[in-house]
Every structure is written in structure tokens, then in C-alpha cells.
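The block underneath contains the structure these notes are about, expressed in C-alpha cells.
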Amino acid sequence: MQFDLILIRYGEMAIKGKNRNYFERKLQNHLIKKLEPFKGTRVKKSRDRMYVVLNGEDPHAVMKECQEVFGIHSLSFAVKVEKEETEIKKASLYAFQDAHNAKTFKVSSKRADKSFSIRSQDLNHKVGGYVLANTDGVTVNVHEPDVELKIEVRNDAAYITAQDYPGAGGLPVGTTGKSLLLLSGGIDSPVSGYLTMKRGVQLEAIHFHSPPYTSDRSKQKVLDLASELAKYGQTINVHIVPFTALQQKIHQEIPEGYGMTVMRRMMMRVSEQIARKREILSLTTGESLGQVASQTMESMNAINDVTNYPVIRPLVAMDKLDIIEISRKIKTYPISKLPYEDCCTIFVPKAPKTKPTRENANYYESNVDFEKELTEAIEQTEMVEVRARQKTTGEFDDLL
């Protein structure tokens, strides 16, 4: 006996109205793309559910991939058998035994096919007795069971599910628009990207690269981070901006205390222009309020002055430890900790202004002509299409 299906349960998508079909189609397409390596699988959608037909593929390997697709609340393996008592009992026992360390269970039966001769309550008792007779140290708990065995007798067959696996939640990527993520090599911005994608946003990313102050390894580190994020959204286009000339001019011409503020304002200007070219309607950053000097309320106010684009800040009210916990979960933390600096760590002022004003920032910038450097940075931006990170043995693997 083996699992035949993976049953998909919706979360927030289930309460969508007339546009629910749009969300379901997006989810189905993401699952099909995600499961391409499993040639036997088929993703099917009926009127009120979605499921993956396994056709002999490794169920646990397929389940792991499905758990990385946004829009899914929970999943369960399902066994499909003939509508016959003995087959239903065997399948129920098989499904229960897959839930390791489960000590209590209950049986919930539903007869969609009313011609099936065993009533639901009687089927519950028969299956429950069979499971108890063929397991050790297991009891029935109808209120808080470790596993709920669900039996649905439909017109074509009987379906048995047991353990629920958590899904990624959220909404399918691409259902709520696009955003441009300012992606550094640090811990915060990949987490910000992940949380934005969870709300159905399709991401592109922008990274500011300042050779020779930042190395090719620093650039590769960012592409690896984007590749981890791509697991949740198929591909991510990363725009690599040559930022050296702008940073040097800021360092030379702007008072030291305002250097960080002006640098980030330049990043916003470049990011907005790239977003316009790509028909992207918002920017996303990894800022967390009060974490560093450039992330005070005053700094955010001064930095936002140069763009009228919406700026999404998913981390703004999160603690650092919470952010680190998510980065470990999504496997970006080991990459972020690699010791390759990004442009934000060079030319760092000894005493950056923690309460800069828009007026002062505008005044200092008005005394310097940045137009040439801004134009060249945008024109020389390189776009790299990044796919989901594969398990390979590379030069950085021993550091991960």
C-alpha cells in the first residue's frame, strides 16, 4: 500500500469571493512548476479542492516541496481505495502509522456516497477497533487526538487522510502585484523579501555593488540569497547596480554625519527608476525601527523624501531575534553570515546622524551635482535571473 494523493487545504484563499478562481489558478501553476522534477505528479483542481496525484513518486519528497508554496494552509497524504470495509481498514492503519510518535487518534467518517452500506458512525467504530487491535500503546481521544483519521466515501472511491502537515500560508506569489526588494547581504532584507512574498507579492531585487570595496564573493552571496528566496516564487530578477562612483562622491562631498542618509536616498532614487522601467509599483526594504542609526523614525522620514513610491517594511516592528529565527527557518541565515561585506559597510561615518532632517539632507545634496553618477549607475545596471538554489558542492559549501 502507498499514498496516492496529497490533499491541499486553503487558508485565506478560502474566503475569497468571485476572484477565488484567479487565486486557485495561480496556486495550481506554482505547484506544477515546483513539482517539475517529479515527472509522475499531476496537480488537479476540482470544484472545492486541490490535490497532487503522486503516481508512485516519493510522497515525503513531494510534500516537502509543496510546503514551500505560498497559499497553502495545510496538507495531508491520502490513500485511495475501493469502497470496501477491509480495504478502508487497511488504508486507515497505513495512514495512521505514517504519523510517527502518535499515541492517540479519532476516526471521522463522511459518506458523500449514501449508497455505501456502512453508516458513518458505524464505520468510525469499525476502523477505530481495527487500528487499536493492530497497534501497541495507542488509545482513542475524541477531543484532542494526535491524529484524526478522516475517511471520505465518495462516488468513485474511499479516501483516507491522517496527519496534517503545515503549509507556508499566505497567498500565491503574483496575486497582489510586484515589488522591488532592496537586497543587501545581511540578515534582514531576505527575511523582508520572504514575508512580502507571503502576501502574494512577486519580487524582483536590487543590489548595490561597489567594487573594488566589495568583492565578487559579496555579489555571489546576494545571488545565493535570492536563490533561496526563489524557492517560494520560481525566479527572481536581481538588478546589480554599480554604486562605487556615487559612494565615493558622497564620501567626498557630503558632511560625514549625513553620508549614510544621503547614500540611502540615492539608493531610493535608483531603485525607483529601475522599478519604473520594470513596471513595478512599490519598493521593499529590510528596515526595522530603531535597529541601527539609519533606521530611526527621523531617518526613515528623511530617506523617504526622495520617492513617492510605496515602501513596504515588513520588519519595521519586529525584534532582531524574531528576524533571525525566520532567517534560520528559510535557510538564508548561514549565507547572510558569510564574511563578505556589502556597500553599506564601507565609508561608514563614525557618528552618523540618528535624527537627520529632510531640510538638511536636501540642502547638502543641492550643493553637489549627482546627475552624471546617477544616470551611469542606472544605465550600467546588470540584471541576473536567479532560480531556486540547487544542492551542489561549491567553493562556499564548507562555510555554510
Side-chain angles (χ1 to χ4, degrees), residues 1-11 14 31 35 38 40-67 69 72-167:
M1 189 168 288
Q2 62 183 6
F3 291 114
D4 303 286
L5 311 167
I6 294 177
L7 179 65
I8 307 293
R9 298 184 188 87
Y10 307 142
L31 280 168
L35 298 179
F38 302 91
T41 58
R42 297 292 182 269
V43 181
K44 296 189 175 183
K45 182 171 76 73
S46 63
R47 184 175 61 86
D48 58 350
R49 66 181 63 196
M50 190 177 298
Y51 52 93
V52 178
V53 182
L54 292 168
N55 288 324
E57 295 285 357
D58 180 351
H60 291 92
V62 174
M63 174 68 77
K64 185 177 180 181
E65 295 297 316
C66 292
Q67 287 181 289
V69 177
I72 299 173
H73 173 67
S74 66
L75 314 92
S76 294
F77 294 123
V79 184
K80 178 182 178 182
V81 295
E82 294 182 9
K83 295 180 290 183
E84 194 274 323
E85 179 183 336
T86 301
E87 291 300 312
I88 292 174
K89 287 178 177 178
K90 290 179 180 178
S92 299
L93 178 62
Y94 176 80
F96 174 75
Q97 289 175 330
D98 184 69
H100 302 295
N101 301 319
K103 295 299 181 184
T104 62
F105 75 99
K106 68 179 287 188
V107 182
S108 301
S109 300
K110 177 182 177 182
R111 288 190 306 157
D113 178 9
K114 299 303 181 184
S115 68
F116 184 65
S117 61
I118 308 175
R119 294 183 303 175
S120 296
Q121 193 64 30
D122 293 336
L123 188 58
N124 291 346
H125 292 152
K126 289 175 180 291
V127 170
Y130 183 82
V131 172
L132 287 171
N134 289 275
T135 53
D136 294 321
V138 173
T139 59
V140 172
N141 183 336
V142 296
H143 299 294
E144 294 183 350
D146 295 332
V147 170
E148 181 178 4
L149 280 169
K150 297 176 183 178
I151 303 170
E152 186 171 354
V153 181
R154 299 172 69 86
N155 291 328
D156 61 326
Y159 296 85
I160 296 90
T161 64
Q163 185 176 9
D164 290 348
Y165 291 80

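Any value given below was found using the heavy atoms of this structure, including those in side chains, with hydrogens, waters and symmetry copies removed.
- In this structure a side-chain-to-backbone donor-acceptor pair under 3.5 Å is missing from Glu82 to Glu84.
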Would Val107 and Tyr130 satisfy side-chain contact (heavy atoms from CB on, under 4.5 Å), going step by step from the backbone distance to the final call?
CA-CA 11 Å; Val107 182; Tyr130 183 82; over 6 Å; no
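- Side chains of Asn101 and Lys103 form no contact here, defined as non-hydrogen atoms less than 4.5 Å apart.
- Note that CZ of Arg154 and CZ of Arg111 are 15.0 Å apart. Values are rounded to the nearest 0.5 Å.
- Other residues, nucleotides and ligands contribute more than 12 heavy atoms inside 6.0 Å of the NZ atom of Lys45.
- Nearest heavy-atom pair across Pro59 and Ile6 is O-CD1, 3.9 Å.
- Side-chain contact between Glu85 and Lys126: present, with at least one pair of heavy atoms (C-beta onward) separated by less than 4.5 Å.
- A donor-acceptor pair under 3.5 Å is absent between the side-chain atoms of Arg42 and the main chain of Val52, judged by distance alone.
- The backbone N or O of Ile118 sits nowhere less than 3.5 Å from a side-chain atom of Asp122 that would complete a donor-acceptor pair.
- Looking only at side-chain heavy atoms (C-beta outward), Leu93 and Gln97 come within less than 4.5 Å of each other.
- Here CZ of Phe96 is found 13.5 Å from OG1 of Thr161. Values are rounded to the nearest 0.5 Å.
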Between Val79 and Met1, does the side-chain contact (heavy atoms from CB on, under 4.5 Å) criterion hold? Intermediate values first, please.
CA-CA 8 Å; Val79 184; Met1 189 168 288; 4.2 Å; yes
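- Ring orientation note: the planes of Tyr165 and His60 are nearly perpendicular, at an angle over 60° on the 30°/60° scale.
- Using a 4.5 Å heavy-atom cutoff, the side chains of Ile72 and Tyr10 are not in contact.
- Taking every heavy atom of both residues into account, Ala99 and Val147 meet most closely at CB-CG2, 3.5 Å.
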Assess the residue pair Phe105 and Val140 against the criterion (side-chain contact (heavy atoms from CB on, under 4.5 Å)); give the C-alpha distance rounded to whole Å, side-chain angles, the decisive distance to 0.1 Å, and a yes or no.
CA-CA 5 Å; Phe105 75 99; Val140 172; 3.8 Å; yes
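- Contact of the Glu65 side chain with the Phe38 side chain is registered, since non-hydrogen atoms from C-beta on lie closer than 4.5 Å.
- Between the side chains of Asp164 and Ser76, at least one donor N or O lies within less than 3.5 Å of an accepting N or O.
- Taking CD1 of Ile160 as the reference point, atom CG of Asp4 lies at 9.5 Å (rounded to 0.5 Å).
- Within the 4.5 Å cutoff, the side chain of Tyr159 has no heavy atoms near those of the Val153 side chain.
- Residues Thr135 and Val138 come closest through the heavy atom pair OG1-CB, 3.6 Å.
- The closest side-chain heavy-atom distance from Arg49 to Ile8 is not below 4.5 Å.
- You'll find the side chain of Ser108 stays beyond 4.5 Å of the side chain of Leu149, heavy atoms only.
- Interatomic distance, Met63 CE to Gln67 CD, rounded to the nearest 0.5 Å: 6.0 Å.
- What you find for Ala162 and Ala95 is that their closest heavy atoms are CB-O, 3.5 Å.
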Decide yes or no on side-chain contact (heavy atoms from CB on, under 4.5 Å) for Leu75 and Leu7, but give the supporting numbers first.
CA-CA 5 Å; Leu75 314 92; Leu7 179 65; over 6 Å; no
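- Distance check, rounded to the nearest 0.5 Å: CE of Met50 to CG of Leu5 gives 14.0 Å.
- The main-chain N or O of Asn155 is found under 3.5 Å from a side-chain atom of Lys83 such that the two form a donor-acceptor pair.
- Side-chain atoms of Ser109 and Arg119 form no donor-acceptor pair, as typed in the model, at a separation below 3.5 Å.
- Looking only at atom types and distance, the side chain of Glu57 has no donor-acceptor partner in the side chain of Thr41 under 3.5 Å away.
- Ion pairing between Glu144 and Lys106 fails under the 4.0 Å rule for side-chain N and carboxylate O.
- Between the OG1 atom in Thr104 and the CD atom in Glu148 there is a gap of 11.0 Å [rounded to 0.5 Å].
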Apply salt bridge (charged side-chain N to carboxylate O under 4.0 Å, His left out) to the pair Lys80 and Glu87, showing each step before the final yes or no.
CA-CA 10 Å; Lys80 178 182 178 182; Glu87 291 300 312; over 6 Å; no
